[in-house]
Trainee: 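Below is the structure I would like to discuss, written out as structure tokens.
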Amino acid sequence: MAILDGKLISNIIKNEIAEEVQLIKLKNGKTPCLAAILVGNDGASETYVASKVKSCEEVGFQSELIRMPSDTTEAELLFEITKLNNDPKIDGFIVQLPLPKHINEQNIIQSISIEKDVDGFHPTNMGKLVQGLPSFIPATPFGIIQLLERYKIETEGKNCVVLGRSNIVGTPMAILMSRKGYPGNCTVTICHSKSKNLETHLLQADIIIAALGIPEFLKGNMVKAGAVVIDVGITRVKDEQSKKGFVLKGDVKFDEVAPKCSFISPVPGGVGLMTVTSLLMNTLKAAKNK
Ligand code: GUN
């Protein structure tokens with residue numbers, strides 16, 4: 001069993017980005033800039049956004065964090081987005097999800113300029129992804145693709161099961177794994193809460209991408225020997241013993257599953273770090289596209 005080390009790979013990619021940023025600065029005096037809008041003060045979202053801002057500093061990007069209170073109206077948020085759409089200094093931006101319930105997430109996603117939509121959530125970018133056209137690939141699936149590529153994991157002709165069908169991870173991931181090219185050319189099965197005979201599907205899988213958000217869902221007896229397992233889950237589970245009062249749990253029962261795998265990504269230290277780094281890659285692309 002070998003670990004797919006998200007920390008190692010994201011550090012390598014961040015160094016590559018930092019070198020490119022230096023070249024861009026020398027060539028045209030510009031610094032790529034990522035902005036993030038955070039509405040409310042959800043603990044997990046705070047952590048993600050802080051990590052995005054810190055990573056920007058590490059590679060020499062500028063960043064802007066726009067905090068808005070949890071009672072922000074949809075109109076107020078749309079106004080802030082329009083400002084970012086029109087601000088020439090901003091190359092790309094994200095609106096951290098989830099949003100408070102009174103705000104329609106789709107209205108927000110669709111108001112982001114497609115050239116600055118570095119999350120790749122706008123239906124136009126998602127449509128381009130489906131058709132194999134150049135687009136921003138959503139950061140988590142992009143990070144997984146990078147991990148598979150950098151570890152030279154064989155994908156052609158393999159059975160890939162994607163657990164979960166969210167717009168952010170499961171659905172784009174399934175499209176990417178079935179597309180022509182590398183990584184890709186898999187036979188993909190998407191499983192979700194209504195799937196029957198889940199274990200039958202899983203036991204045929206050469207590659208499993210677990211993105212359900214259910215801590216330790218995937219057990220040892222659901223995985224065939226030699227499988228590649230990617231754990232996308234990152235749920236806060238209460239733990240009195242820990243200083244923070246919680247521990248992060250993946251969707252995979254690591255101790256049971258790892259001994260059966262050829263490769264496995266851990267939590268923490270796997271996909272999470274790759275997600276942030278992929279957002280930087282998309283921002284660099286946005287800056288270069290300008
Ligand atoms: N919430 C959880 N993951 C993401 C992500 O990749 N982007 C945004 N904007 N919000 C998220």
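Since we're looking at a predicted model, the values are computed, not measured. Both counts, for ligands and for their atoms, begin at 1 and track the order of listing. By convention here, the first residue in the shown sequence is residue 1.
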Trainee: With only distance considered, is L97 within less than 3.5 Å of ligand 1 through an N or O on each side?
Mentor: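 Yes, there is a polar N/O contact under 3.5 Å.
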
Trainee: Select the closest option to atom 8 (C) of ligand 1 among I108, I234, D119, judged by heavy-atom distance.
Mentor: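 The nearest heavy atom belongs to D119.
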
Trainee: Please write down residue, atom name and distance for the protein heavy atom closest to atom 4 (C) of ligand 1.
Mentor: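 Result for atom 4 (C) of ligand 1: Q96 NE2, 4.2 Å.
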
Trainee: Please write out which residues are connected to I114 in a hydrophobic cluster, directly or through intermediates, given that two of Ile, Leu, Val, Met, Phe, Trp, Tyr count as joined at side-chain heavy-atom separations below 4.5 angstrom.
Mentor: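 In the cluster with I114 there is nothing else; it is isolated.
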
Trainee: May I have the step-by-step check of side-chain contact (heavy atoms from CB on, under 4.5 Å) for T235 and L248, ending in yes or no?
Mentor: CA-CA 5 Å; T235 309; L248 292 180; over 6 Å; no

Trainee: Assigning hydrophobic clusters by single linkage (Ile, Leu, Val, Met, Phe, Trp, Tyr; side-chain heavy-atom cutoff under 4.5 Å), is L147 placed with M177?
Mentor: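 Looking at the clustering, M177 is in the same group as L147.
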
Trainee: Ligand 1 versus V95, non-hydrogen atoms closer than 4.0 Å: side chain, backbone, both, neither?
Mentor: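 The answer is the backbone of V95.
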
Trainee: Quick one: does E19's side chain get under 4.5 Å of Q22's, heavy atoms only?
Mentor: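 No, side chains not in contact.
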
Trainee: Provide the number and element of each atom of ligand 1 under 4.0 Å from a heavy atom of F121.
Mentor: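 The list of qualifying atoms is 5 (C), 6 (O), 7 (N), 8 (C), 9 (N).
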
Trainee: Taking atom types as modelled, find out whether N197 and T200 have a side-chain donor-acceptor pair closer than 3.5 angstrom.
Mentor: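 No, no side-chain donor-acceptor pair sits under 3.5 Å.
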
Trainee: With a 4.0 Å cut-off on heavy atoms, does Y48 reach ligand 1?
Mentor: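 Under 4.0 Å: no for Y48.
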
